[in-house]
Amino acid sequence: MATIQQAIQNRILVLDGAMGTMLQRHNFSEEDFRGQRFKDFPHSLKGNNDLLSITQPAAIRDVHAQYFEAGADIVETNTFSSTTIGMADYHLEDLVYDLNFQSAKIAREVADEFTAKNPDKPRFVAGSIGPTNRTASMSPDVNDPGFRAVTFDDLRIAYKQQVEALMDGGCDLLLVETIFDTLNAKAALFAIEEVKEERNIDIPIMVSGTITDASGRTLSGQTVEAFLISISHIPLLSVGFNCALGADQLKPYLKRLARNTSLNISAHPNAGLPNAFGQYDQTAAEMQVLIREYLEENLINIIGGCCGTTPEHIKLIAEVAAEFKPRTILETIE
């Protein structure tokens, strides 16, 4: 079977859309989140979408299948918050290995089913590694700027547990995503390198940052160029941006990235900006028009959707992506 490194040379790869947006459609109750296994758990579990890989696996499987059906080459595991740090809010730190392993296993099974149906279009599983809800670069306390809610080592250890389970579950690649603090990301990348070395294996890595607003910087204050330099010591499959912005607002930052890197570039923007109710209104057709501009300007190698995107969005993105060749990589950066 073709590796992702081979596939990315031949075509623009399509990443899936939002998991949360799809799960919200089910309106799962507290009881649904608990399932049988956590029926008597003493704390509330509603809202813990990652837990659904264990308590409602059929729903997770269905989301992956819908995205593959829509034309995605890569689906992300349902593990955005599956670290001990992320699960502390739900008192489920002990469940981290199980969460990541089961999520990867579900995605792997669906990917293999679709690859078997069409071996010319191999499907891949990206282990989703979110930023956690802590930041290593900044203090959460305005009165104590030197305070940190988490250390680099805390993050490294938490990410390492996640990475080991994602690999055991059968991921093809790892996606360190929605990076608002590059120090957190460096801890994740350090953990990945540790696991690679210990197991004597290689696994492709995607890195995707988040430009938080019109300042054009990450939350921890880095420009596009500074972010790129901070992570360029690690061999990566791709670098890119996701979340926070819609496709049109994200475009200038992708252009800056394209001018400054010889890596593959990924983007999975939101379906526009949220309205007053926190909903995303941009239609699949509207988003397709904006993504076409990315392709015409030779900006990307991997394209998908973040908050508010659905299989309808991914279907139209996949259709337009098929019309274009992958971004040509600059041999030398000026």
Side-chain angles (χ1 to χ4, degrees), residues 12-28 47 49-50 52 59-60 62-81 126 128 130-131 175 177-180 206 208-214 216 218-219 238 240-255 257 265-297 299-324:
I12 291 167
L13 297 182
V14 176
L15 195 63
D16 60 2
M19 174 64 76
T21 301
M22 297 297 289
L23 294 176
Q24 280 164 13
R25 296 178 173 184
H26 290 272
N27 284 319
F28 285 130
N49 282 350
D50 293 15
L52 295 170
I60 304 302
D62 180 56
V63 173
H64 291 321
Q66 285 190 56
Y67 280 124
F68 278 138
E69 201 67 60
D73 297 285
I74 309 165
V75 297
E76 299 168 58
T77 55
N78 180 38
T79 54
F80 188 79
S81 303
S128 169
L175 169 56
E177 64 167 317
T178 322
I179 298 161
F180 57 79
M206 292 174 65
S208 184
T210 292
I211 299 293
T212 44
D213 55 32
T218 63
L219 189 65
S238 67
F241 291 116
N242 73 292
C243 206
L245 302 174
D248 48 348
Q249 293 90 359
L250 195 58
K251 187 174 149 192
Y253 307 116
L254 292 170
K255 288 173 85 160
L257 205 52
I265 290 179
S266 75
H268 49 298
N270 292 345
L273 295 174
N275 63 23
F277 304 102
Q279 305 292 315
Y280 293 86
D281 301 323
Q282 191 170 76
T283 66
E286 288 166 344
M287 195 167 178
Q288 185 190 45
V289 170
L290 298 169
I291 297 303
R292 181 181 286 279
E293 293 177 15
Y294 287 12
L295 299 159
E296 287 170 347
E297 295 185 38
L299 297 181
I300 47 171
N301 306 86
I302 302 173
I303 183 69
C306 205
C307 306
T309 56
T310 64
E312 291 80 5
H313 290 81
I314 297 306
K315 182 172 187 289
L316 294 193
I317 286 171
E319 283 175 11
V320 72
E323 297 174 26
F324 290 85

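Only a predicted model underlies this, so the values are computations on that prediction, with no experimental measurement involved.
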Undergrad: If we ignore hydrogens and angles and just use 3.5 Å, is the side chain of Asp16 paired with the main-chain N or O of His64 as donor and acceptor?
TA: no
Undergrad: Does the side chain of Ile179 reach to within under 4.5 Å of the side chain of Thr218, using non-hydrogen atoms?
TA: no
Undergrad: Got a sec, which residues hit ring-ring contact (aromatic ring centres under 6.0 Å, His included) with Phe28, two or more places apart in sequence or on another chain?
TA: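 For Phe28 the ring-ring contact (aromatic ring centres under 6.0 Å, His included) partners, ignoring immediate neighbours, are His26.
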Undergrad: Who pairs with Glu296 by salt bridge (charged side-chain N to carboxylate O under 4.0 Å, His left out), at least two apart in sequence or on another chain?
TA: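 If we apply the salt bridge (charged side-chain N to carboxylate O under 4.0 Å, His left out) test to Glu296, skipping adjacent residues, there are no hits.
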Undergrad: His268 and Gly305: which non-hydrogen atoms are nearest, and at how many Å?
TA: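 Minimum heavy-atom contact is CB-N, 3.5 Å.
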Undergrad: Looking at side-chain heavy atoms only, is the closest gap between Phe241 and Pro269 below 4.5 Å?
TA: no
Undergrad: Any side-chain heavy atom of Ser128 within less than 4.5 Å of one from Leu175?
TA: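 Sidechains of Leu175 and Ser128: no contact.
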Undergrad: If you take all heavy atoms of Val14 and Ala321, which pair is closest and at what distance?
TA: CG2-CB, 4.2 Å
Undergrad: For Ile265 and Leu299: C-alpha separation, side-chain torsions, deciding distance, then whether side-chain contact (heavy atoms from CB on, under 4.5 Å) applies.
TA: CA-CA 7 Å; Ile265 290 179; Leu299 297 181; 5.9 Å; no
Undergrad: Partners of Lys315 by side chain to side chain contact (heavy atoms under 4.5 Å, CB included), sequence neighbours excluded?
TA: Ala70, Glu319
Undergrad: Please identify each residue that fulfils side chain to side chain donor-acceptor pair (under 3.5 Å) with Thr178, with sequence neighbours left out.
TA: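 Once residues adjacent in sequence are excluded, the partners of Thr178 under the side chain to side chain donor-acceptor pair (under 3.5 Å) criterion are Asn242.
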Undergrad: Which pairs of donor and acceptor atoms, one on a side chain in residues 284-292, lie under 3.5 Å apart (sequence neighbours left out)?
TA:
residue: Glu286; atom: OE1; partner: Thr283; partner atom: N; Å: 2.9
residue: Glu286; atom: OE1; partner: Thr283; partner atom: OG1; Å: 3.4
residue: Gln288; atom: NE2; partner: Leu316; partner atom: O; Å: 2.9
residue: Arg292; atom: NH1; partner: Glu323; partner atom: OE1; Å: 3.0
residue: Arg292; atom: NH2; partner: Glu323; partner atom: OE1; Å: 3.3
residue: Arg292; atom: NH2; partner: Glu323; partner atom: OE2; Å: 3.2

Undergrad: Who are the side chain to side chain contact (heavy atoms under 4.5 Å, CB included) partners of Cys307, not counting sequence neighbours?
TA: Cys243, Asn270, Tyr280
Undergrad: Among residues two or more places apart or on two chains, list those pairs meeting salt bridge (charged side-chain N to carboxylate O under 4.0 Å, His left out) that have a residue in residues 63-80.
TA: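 Pairs touching residues 63-80 that pass the test: Arg11-Asp73, Asp73-Lys121.
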Undergrad: Shortest non-hydrogen contact from Ala271 to His313?
TA: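 Result for this residue pair: CB-NE2, 3.9 Å.
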Undergrad: Does the Tyr67 side chain pair with the main chain of Ala18, one donor and one acceptor, at a distance under 3.5 Å?
TA: yes
Undergrad: Apply side chain to side chain contact (heavy atoms under 4.5 Å, CB included) to Asn275 and list each qualifying residue two or more places apart in sequence or on a separate chain.
TA: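 In terms of side chain to side chain contact (heavy atoms under 4.5 Å, CB included), with neighbours along the sequence ignored, Asn275 is linked to Phe277, Gln279, Asp281.
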Undergrad: Which heavy-atom pair separates Gly246 from Leu273 by the least distance, and what is that distance?
TA: N-CD2, 4.0 Å
Undergrad: Of all residues at least two apart in sequence or in a different chain, which pass the side chain to side chain donor-acceptor pair (under 3.5 Å) check with Gln66?
TA: Asp62
Undergrad: Looking at CE of Met206 and CG of Leu15, how far apart are the two atoms once the value is rounded to the nearest 0.5 Å?
TA: 5.5 Å
Undergrad: Ser81: what forms a side chain to side chain contact (heavy atoms under 4.5 Å, CB included) with it, not counting sequence neighbours?
TA: Asp50, Met87
Undergrad: Go through Met19 and Ile60 one step at a time and tell me if the side-chain contact (heavy atoms from CB on, under 4.5 Å) criterion holds.
TA: CA-CA 8 Å; Met19 174 64 76; Ile60 304 302; 4.1 Å; yes
Undergrad: As an exercise, state the distance from CD1 of Ile303 to CD1 of Ile12, rounded to the nearest 0.5 Å.
TA: 8.5 Å
Undergrad: Of all heavy-atom pairs between Ile74 and Ala126, which one has the smallest distance, and what is that distance?
TA: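 Minimum heavy-atom separation between Ile74 and Ala126: CG2-CB, 3.7 Å.
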Undergrad: Looking at residues at least two apart in the chain, or sitting in another chain, which of them share a ring-ring contact (aromatic ring centres under 6.0 Å, His included) with Phe68?
TA: Phe114
Undergrad: If we only count heavy atoms from C-beta on, is the Arg25 to Thr310 side-chain gap below 4.5 Å?
TA: yes
Undergrad: What are the two closest heavy atoms between Thr210 and Ala244, and how far apart are they?
TA: CG2-CB, 3.4 Å
Undergrad: With sequence neighbours left out, write down each residue that passes side chain to side chain donor-acceptor pair (under 3.5 Å) with Ser238, or none if nothing qualifies.
TA: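 In terms of side chain to side chain donor-acceptor pair (under 3.5 Å), with neighbours along the sequence ignored, Ser238 is linked to no residue.
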